[in-house]
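To keep things clear, I will list the structure first and then write my remarks on it.
In what follows, every chain begins at residue 1, and chains take the letters A, B, ... in the order their sequences are listed. Keep in mind it's a predicted model, so treat the numbers as computed, not measured.
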Amino acid sequence: MIYKIDNFKRTYYAMNKIRLSIAFTFIFLVTQAEAQQSNKILIAAASDLKFALDSVVNAFKTKNAGTIDVTYGSSGKLSEQISNGAPFDLFFSADITYPNQLKEKGLTISDIYPYGVGRIVVWSKKINPQTEGIKSLLQPSVKKIAIANPAHAPYGKRAEEALTYYKMSEATKDKLVYGENISQTAQFVTTGAADIGIIALSLALSPTMKHENGNYYLVPENSHQPLVQGVVLTNHAKGNDLAVAFLQFVKSNTSQEILRYFGFSKPQ
Amino acid sequence: MIAIDIEKKLHGANGELNLQCKTQIHTGELVTLYGPSGSGKTTILRMIAGLSRPDHGYIEADNHAWFNSQNKINLKPQLRNIGMVFQEHSLFPNMTVRGNLEFALENSQPKKIIDDLLELTELEQLQHKKSSLLSGGQKQRVALARAMVRKPNLLLLDEPFSALDFEMQSKLQDYILKVHQHYNLTTILVSHDIVEVIKMSKRVLVIEDGRIKKDGLPADVLPLDNLRSILNHLQKI
Amino acid sequence: MLDFEPFYLTFKLVTVTTVILFFIGVPLACLLAFSRSRFIVILEALVGLPIVLPPSVLGFYLLLAFSPENAFGKFLEHHFDIRLVFTFPGLVIASVIYSIPFMVQPIQSGFRMVPQSLREASYMLGKSKLTTLIKVVLPNMKSSLITGCILSFAHTIGEFGVVLMVGGNIPRETRVVSIAIFDEVEAMNYNHATIYSTILLVFSFLVLVSVYLVNQRAHKVHYLS
């Protein structure tokens, strides 16, 4: 008799476990079909904005309700994702060419607003780039130089241009290490994977990097194409009032001040 | 009555074997298929059961066609209502003894048959034990009881006791005889053990190289020069 | 202040993937274990592909397939308003494909290990192949079923390349723990990265220990002399 009940209980629990997992599965899949809410926005932003944009978002949140999520990455990659249907509402690009391309493809619903101009710097913990400037890259103690991947990261492209301008491409090409985006590039240098790197000014000015006790040298603007950065609303933001409000906020004085603080100069 | 006329080509360890078997087994008989390993006797049994498929021929049970290669008939084993006891590894380890028997029950069958069988095979004390915890002899007893739950008319046994010791074999052979008589079965037993054959059956089919070489009483049909060893064995019983 | 959303996402992904894989895997493994067709090797090779292929290859093809710029993705968007790139459902599909062999192969071996005489005994008792499968075969290969589930679970937790390509790094949608860790390291938030990694490690370890414990108990066999 006891065994009969035991068997029954076991089957009952097993069946219930199976039913429960099926139920879970359905619930999860169904909740994914929930309609888009208008009080959340998803932002794609170039990695150089990591700290600047976080501050802007925080400032925005003090006066506006809603959920704001940001995904940072290299501008080229994010642009590609948006072309492939990634659900971003706003796209902050370190190179204004990418939003232009999206606009040509008909994937944007606003004008492109140039929110600032970026700068590249030579950054290192091991040596002080201030002493020799760009020539620091040629020091014998430098074995690895980190730059962002020029294929899809604007800061990488500009770094490459600067190296060409100073006729250092040949001398440095075997020492280059490519970061997937400018943030990872900075991380290569702070962890010592690379001895020195060409990174974004905005990152060099961030609290995190300041803590790393490194030094930087501001690379003269005439050595590369300008890093005109632009932001645009994508098709996905259609009907999303919060997204529109955020873009407005980016144009406001508060946001502009934050951007200046992180080294973005006003576009011409 | 079971009428068989079948052919099958087998590929064994010793090369090819052409199985050819034509015979009749009458209702109520207890027949043994006797022969050395590899002679094809197990295959013949499996073909009657429906677990193997002959290449040509027919198998009829009481004039119902179970297999007919010309008419493309091949009745599934599920529908032949046969009780079968395998050599080993046939009890369901995830069930108790009683569970194994209850599994065999058909939809509307009353459970009384289970208690009867447990009594007949003296398994009442063990009925709630997990079948994987039984000894070899106990397991085969359960297998026999389970084979009978659906009250089949035909009982097939494939060397059911070869893995057991002599005492246990003896006991279990008695159970088979008991069951055969109690339920008026037709029984076919496959064995390579002469003593078993003599004890159990009144009719032996000697299978060699896939053919029925002899068919008759054990005394007439089995090799006489083994008589001394047989007598020695029998003295032990 | 750590964001726990990635854990929730990972848990969701792993659970949903494993459940779906179980219900796909058992029939598939059954087919592979018992089919006598010569062409079954093609299916077997297909099932085994995700083990051999780099995750980026799988991710790449899935991205191509799901992208609304290409035929299939466009069809889905147009007729069902479903988008599979950069969404959780897309991630589930990618995970299922990526972990198929880890569910199917252990179960396939499990099927082969159940003695044929068990199945045949069930048939002789009048039970259909389906009943035999559910009541006789599956209950007697529990450890293979459990192994399949554990391996799929573990494999899905560790997914990165496929997730990144098909899912992107969308918070609350596809930013699972493995991605979040990478993200935090990139942003130089090493503290966060450490916490994520440690929690994941401890959790996975505990799950494995408990499953192996259960498996061990199920295997204690007492032998009669």
With a 6.0 Å cut-off (strictly less than), is the heavy-atom count around [atom1] of [X], excluding the residue itself, greater than 12?
X        : atom1 : value
A:Tyr261 : OH    : no
C:Lys129 : NZ    : no
A:Lys125 : NZ    : yes
C:His79  : NE2   : yes

- prompt: So which heavy atom on C:Phe86 is nearest to which on A:Pro87, and how close?
  reply: CB-CD, 3.4 Å

statement: Closest non-hydrogen contact found for A:Gly85 with C:Pro68 is CA-CG, 3.9 Å

Distance in Å, [X] [atom1] paired with [Y] [atom2], rounded so as to fall on 0.5 Å steps:
X        : Y        : atom1 : atom2 : value
C:Met188 : A:Met209 : CE    : CE    : 5.0 Å
A:Glu80  : C:Leu63  : CD    : CG    : 8.0 Å
C:Ile170 : A:Thr71  : CD1   : OG1   : 5.0 Å
A:Lys50  : C:Asn189 : NZ    : CG    : 5.5 Å

- prompt: Do the non-hydrogen side-chain atoms of C:Arg172 and A:Leu42 ever get within less than 4.5 Å of each other?
  reply: no

query: Given side chains that start at C-beta, do those of A:Asn84 and C:Phe66 come closer than 4.5 Å, heavy atoms only?
result: no

message: Which atoms of A:Ser83 are under 4.5 Å from chain C, going by heavy atoms: the side chain, the backbone, both sets, or neither?
response: both

task: Give, as side chain, backbone, both or neither, the part of C:Phe182 having an atom under 4.5 angstrom from any heavy atom of chain A.
output: side chain

- request: For chain C, find its close neighbours in residues 183-201 of chain A: heavy-atom separation under 4.5 Å, sorted by number, or none.
  value: A:Ser183, A:Gln184, A:Ala186, A:Gln187, A:Thr190, A:Thr191

